[in-house]
Amino acid sequence: MINITLPDGSIKQFEKEVNGYDIANSISPRLAKEVLSISVNDEIWDLTRQITNDSSIKLHKFDDKEGKHAFWHSSAHIMAEAIEALYPGTKFGIGPTIENGFYYDIDLPEGMVITEKDLITIEKKMLELARQKNNIVRENISKADALEMFEKKGDQYKLELISDLEDGTITLYRQGNFTDLCRGPHLPNTEHVKAIKLLNVAGAYWRGDEKNKMLTRIYGITFPKAKLLDEYLVLLEEAKKRDHRKIGKEMDLFTFSPEVGMGLPLWMPKGAALREQLENFLKKVQKSFGYEQVITPHIGNVNLYKTSGHYEKYGKDSFQVITTPQEGEEYLLKPMNCPHHCEIFKARPRSYKDLPIRFAEFGTVYRYEMSGELHGLTRVRGFTQDDAHLFCMPDQLKDEFKKVIDIIFIIFKALDFKDFTAQISLRDPKNTSKYIGSDENWEKAERAIIEAAAEKGLNTVTVLGEAAFYGPKLDFMIKDAVGRQWQLGTIQVDYNLPERFELEYTGSDNQKHRPVMIHRAPFGSMERFVAVLIEHTAGKFPLWLTPDQVVILPISEKFNEYALKVSNILNISDIRTVVDERNEKIGRKIRDNELKKIPYLLIVGEQEQESESVAVRLQGQGDKGSMTVDEFVRYIKNEVEQQLASIHN
RNA sequence: GCUGAUGUAGCUCAGGGGUAGAGCACUUCCUUGGUAAGGAAGAGGUCAUGGGUUCAAAUCCCAUUAUCAGCUCCA
């Protein structure tokens, strides 16, 4: 007699051992049809695996994360089966599931390539295989047998994977003519896979190491119903419409020119206006947190970066040194602001009474990113950090750190960024040579971050090996329109640069002490932040921020007067006269054309000359009815002030 | 940097060894008071750049360059 506890706490009894499929069937035939995998005592199993002891279980359908995982994992196997059939001799790397779908890394026989056109053929083959309704069978195998089997197949990638596994834990999955090394779990049968879309094909290094051979990676996604696939494809299309590169072009926010250079954005008037609003907003917040603005040059002597350690780490991969008519004199385009701010700290003796000192600068820096890395505004070679460096006593560190988290919260709240990941990035304990500074300082710094984040009640994920070379970080990641994660805000604790720059303050004991440094940039960079902001709002910025208030008075001699009133309170970068004396009706035509480009629009159309009343409509907010221009100005002023007030509180 | 794809008018794209195409945008005129109006006419392109093959190249081949997707990297 076996007791199976269901998620609601009820217990079902079975005469003898059962599997997930039997349990589902005992509840309802419909469930049995839809169920894909099962959690047994919090371990995910195949439906067909026999449960021999009392267990608590949960059945997973496609709606569950666990169900999707099994579904896509099996789909990856079906794809591999199809590829093996179509391209005999192909060797297989790994084929995991990802957030949306799966991929498989394959090594095609010499001379063969798969291009996007071939994906349709593979899709068809996959559907054909899925329709064969093959059972997917799990099999335990000894390490020796597994090695022998893949040796025979000549699949060196699987052999490499197997050699890293413990004997006794190795399982194979078999469906049709295809067998793969796999931990599982899988669907019981291929028939569940009804809709298949292979999305793209790209290169990927074996085991993610650029020294290894590059394999062909095929990405795909599958669904149990064709309708779900259609919905997903529509979603993808919608996401592409929010791409900041597309919207940026349409709204005339920024552009690139090959003449200027790749990865060097040119901000157009509206984009510059948007940036200015963001900068003003953050400056105001920072001022209330006791920051002081500083300004430093765009270049610095090479020695500055040799002192900081950046030159040794990044020198050869950076824009190269700038020489001068003076023999031996070398400068570097500023790749970061920290060393400059350290020198400001050093410029005069500091007392413990002055700390913390907080130097802020919208500092433009230049980094030679690899050409394949450049991506719209999210990854560029010249960008402006909303940078600040806080110098404090060790016992002030945690408090200061928490205050920076507060600033980031203010920003994310103001711009309605709810869906972010807070990532604690620590150094890789197995490879400490990549980092500078003593173990003791690293431990102190890492502890400070972990504690501060915990005390702020942040849900964090911890990633080893993601720290900066001088210290650990707390990074705030946000996804773009198509689900790629980008790091925005970052807070870093640093005991090392103060040592390298020999920074000191005089303590209450009249002794010299070393301050601790916090590097932080809540936006990350203006460029990347604007990019993510565009994708989150689809270009419909909040009123207080938008550069695109266009006021149009179709037929009115008072246009200039009105425009001035409105522009005094709004950040209007584009007010266009639409009154043409020769033909007063021309105004309408311009307005229609403008409309196409402007996602957020104020239209003020005069209705009755005598009363000076206008029709106001905020695009995206509907009609606001009739009001006079003065009323309109007051209304907008009020709106903007309210928005700003609610943010700053 | 690596693998693959792409580069044709301001934008979105079709075409393709022998006068360069469409829609939208732009200019002028006509019609039209209201959130992507209609009509007529016009302007706009060494088909990314440089070589090669050919009687002939925007088209085929090679190289370069930029963009896109992914990998790697990200102070």
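Please read all numbers here as calculations on a predicted model, not as lab measurements. First the proteins, then the strands, lettered A, B, ... as listed; each starts at 1.
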Ring centroid separation for [X] and [Y], is it under 6.0 angstrom?
X	Y	result
A:Phe529	A:Phe523	yes
A:Trp72	A:His77	no
A:His519	A:Tyr470	yes
A:Tyr435	A:Phe469	no

With [atom1] as the reference atom in both, quote the distance from [N] to [M] in angstrom, rounded to an integer.
N	M	atom1	answer
B:G34	B:G10	P	33 Å
B:U54	B:A40	P	48 Å
B:A43	B:A9	C1'	11 Å
B:C24	B:A37	P	12 Å
B:A14	B:C47	C1'	13 Å
B:U8	B:U49	P	10 Å
B:U12	B:A25	C1'	11 Å
B:G4	B:A22	P	36 Å

- Message: What I'd like to find out is whether the side chain of A:Trp442 reaches to under 4.5 Å of the side chain of A:Lys444, using heavy atoms alone.
- Response: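 Side chain of A:Trp442 against side chain of A:Lys444, heavy atoms only: no contact under 4.5 Å found.
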
- Query: Taking C-beta and beyond as the side chain, do A:Phe383 and A:Val365 meet within less than 4.5 Å on heavy atoms?
  - Reply: yes

- Could you encode protein contacts along nucleotides 70-75 of chain B as a string, one character per nucleotide from 5' to 3', using B for base contact, S for sugar-phosphate-only contact and - for no contact, with a heavy-atom cut-off of under 4.0 Å? BBBBBB

- Identified side-chain contact (heavy atoms from CB on, under 4.5 Å) counterpart of A:Phe92 within the set A:Asp105, A:Leu215, A:Asp107, A:Ile83: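 Of the listed options, the one satisfying the test is A:Ile83.
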
- With nearest nucleotides of RNA chain B determined for A:Ser371 and A:Lys246 from heavy-atom distances, which residue corresponds to the more 5′ nucleotide?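 With A:Ser371 and A:Lys246 compared, the 5'-side residue is A:Ser371.
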
- Message: For RNA chain B, report each stem as range with range, ordered by first number, or say none. Use Watson-Crick or G-U wobble pairs under 3.5 Å, at least 3 in a row.
- Response: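 Looking at RNA chain B, the stems formed by three or more consecutive pairs are B:1-7 with B:65-71, B:10-13 with B:21-24, B:26-31 with B:37-42, B:48-52 with B:60-64.
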
- Assess whether side-chain hydrogen bond (donor to acceptor under 3.5 Å, both in side chains) is satisfied between A:Thr490 and A:Gln492, documenting all intermediate values. CA-CA 7 Å; A:Thr490 179; A:Gln492 311 170 0; 3.1 Å; yes

- Message: Rounded to whole Å, please give me the gap between CE in A:Met268 and C1' in B:G10.
- Response: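 After rounding, the reported distance stands at 11 Å.
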
- Item | Which atom of A:Ile344 lies closest to which atom of A:Val294, heavy atoms considered | CD1-CB, 3.9 Å

